[in-house]
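Quick note: numbers below take in every heavy atom, side chains included, and nothing from hydrogens, waters or symmetry partners. Computed from a predicted structure; not experimentally measured. All ligand and atom numbering here is 1-based and tracks the order in the structure.
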Amino acid sequence: MTNRRTFFKAAGATLLGAAAVSRVGAASLPEAVVQSSPSMLVPPPPPNGRPFNPIVTLNGWSLPWRMKEGVKEFHLIAEPVVREIAPGMKANLWGYNGQSPGPTIEAVEGDRVRIFVTNRLPEVTSIHWHGILVPSGMDGVTGLSQPPIGVGKTFMYEFVLQRSGTFMYHPHADEMVQMAMGMMGLFIVHPKDPKQYKVDRDFGFILNAYDIEPGSATPRVNTMLDFNLWTWNSRAFPGIDPLVARTGDRVRIRIGNLTMTNHPIHMHGPHFEVTGTDGGWVPKSARWPEVTTDIAVGQMRAFEFDALAGDWAIHCHKSHHTMNAMGHGVPTMIGVDHRDVAKKITGLVPDYMVMGDKGMHDMAEMEMPLPENTLPMMTGQGPFGPIGMGGMFSVVKVRDGVKRGDYGDPGPYKHPAGTLASEYTTDLPPAVRTSAPKADADTLQVRKPGGHQGH
Ligand SMILES: [Cu+2]
């Protein structure tokens with residue numbers, strides 16, 4: 001991992017020659033790196049420019065740049081992509097440089113950046129630099145601040161990064177369609193002094209959502225609120241990378257929300273503090289401890305904690321957001337004895353299973369036949385059986401002795417003796433009620449008021 005180019009070559013990324021990108025002015029365009037796999041690529045230290053500590057994008061990667069006369073040049077290609085949402089399901093999305101979300105752009109406060117955007121979509125687009133202070137004419141709002149980027153055309157954005165923080169990029173042209181199709185990415189501006197706000201591990205992801213009918217692969221783009229796939233970086237559990245850290249590490253997680261609803265993100269285990277918002281860093285005196293932080297539509301939050309050993313769930317606390325598509329529109333069957341009906345149905349549909357009459361955990365245990373290209377609604381295996389989750393769920397895995405730069409899944413946590421919940425098998429004493437109700441004396445007597453005929 002000596003430089004970005006050999007790193008990305010080794011990781012299987014494809015370098016497109018500039019000529020393949022644009023015939024006119026090809027020589028002046030920086031090469032556009034394309035990445036086709038959804039696996040996490042940990043960026044190497046920056047090969048040139050100001051030093052910074054790169055972030056790790058869950059199931060993602062950071063875009064290499066070219067240094068030209070002191071300007072950092074990036075090349076984004078807006079294009080249709082195929083994204084694996086989780087093993088067993090692929091979606092036809094729109095994104096950047098081969099993936100949705102697009103690659104994370106990382107630069108440093110004070111950097112002048114020049115970002116080329118080539119449009120290979122079937123319609124016009126533009127890019128808005130969400131949260132970044134740019135000249136009005138670089139703000140990317142089609143019609144207001146620029147003409148649209150035509151099909152096949154390349155636009156150039158150029159600005160100086162004035163403040164560090166966690167930002168995003170996304171189109172400001174046909175937003176509902178283009179964001180429902182997955183066009184977005186993280187834009188991280190690092191502090192000029194790499195020691196400022198330094199952490200041991202810095203993770204980032206975007207909350208996004210899709211409405212993909214079970215058995216199909218292309219999102220319905222006119223959906224306003226009723227999405228059925230709740231994803232982090234266009235991945236659903238169990239397809240989301242674990243967030244791996246070493247015991248005692250200072251860990252930062254940066255999250256942006258480009259769905260159409262808020263997500264209270266809850267982390268088990270260590271308490272955290274929100275240290276950054278859309279507007280920049282939160283001063284130390286203004287931080288307070290939390291275990292859940294609500295991230296509203298269009299907002300970004302960065303929070304930090306000191307890692308404690310264990311397997312700690314991290315998830316959206318809206319429980320239907322930790323479910324995949326098949327879970328939506330299922331009727332409540334608790335308390336319904338449908339065994340007789342089931343017998344009749346099995347005559348017609350041999351695969352039919354009775355589900356949900358005692359709650360829905362059985363759905364996590366049964367292998368229900370699914371349409372092609374669909375994820376089970378509640379799935380994932382843990383060391384103690386089915387986890388029964390989907391959507392916006394992952395695990396912060398903290399272990400002693402994880403090597404610096406190692407983000408590989410360390411496997412299940414080994415609980416120290418005496419720290420694991422287990423079944424109680426000794427005879428239970430009979431339950432004693434505090435006072436048995438006496439029918440005559442204590443039962444509430446209700447007398448209906450009379451004389452209301454006139455009402
Ligand atoms: Cu949510």
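- Between the side chains of Gln178 and Thr125, at least one donor-acceptor pair of N or O atoms lies under 3.5 Å.
- Listed by chain and number, the protein N, O or S atoms at a distance under 2.8 Å from the Cu ion (ligand 1) are His263 ND1, Cys316 SG, His321 ND1.
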List the atom pairs, with distances to 0.1 Å, where a side-chain N or O of residues 181-198 and a protein N or O form a donor-acceptor pair under 3.5 Å, not counting sequence neighbours.
| unit_1 | atom_1 | unit_2 | atom_2 | d |
| --- | --- | --- | --- | --- |
| His190 | NE2 | Glu106 | OE1 | 2.7 |
| Asp193 | OD1 | Lys195 | N | 2.9 |

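- A donor and an acceptor atom, one from each side chain of Trp230 and Thr259, are nowhere located under 3.5 Å apart.
- With sequence neighbours excluded, the residues that form a side chain to side chain contact (heavy atoms under 4.5 Å, CB included) with Asp249 are Asp200, Arg201, Ala245, Arg246, Val251, Ala307.
- Under the rule for a side chain to side chain contact (heavy atoms under 4.5 Å, CB included), the partners of Lys153 that lie at least two apart in sequence or sit in another chain are Ile149.
- Looking at His315 and His321, their side chains never bring a donor and an acceptor atom within 3.5 Å of each other.
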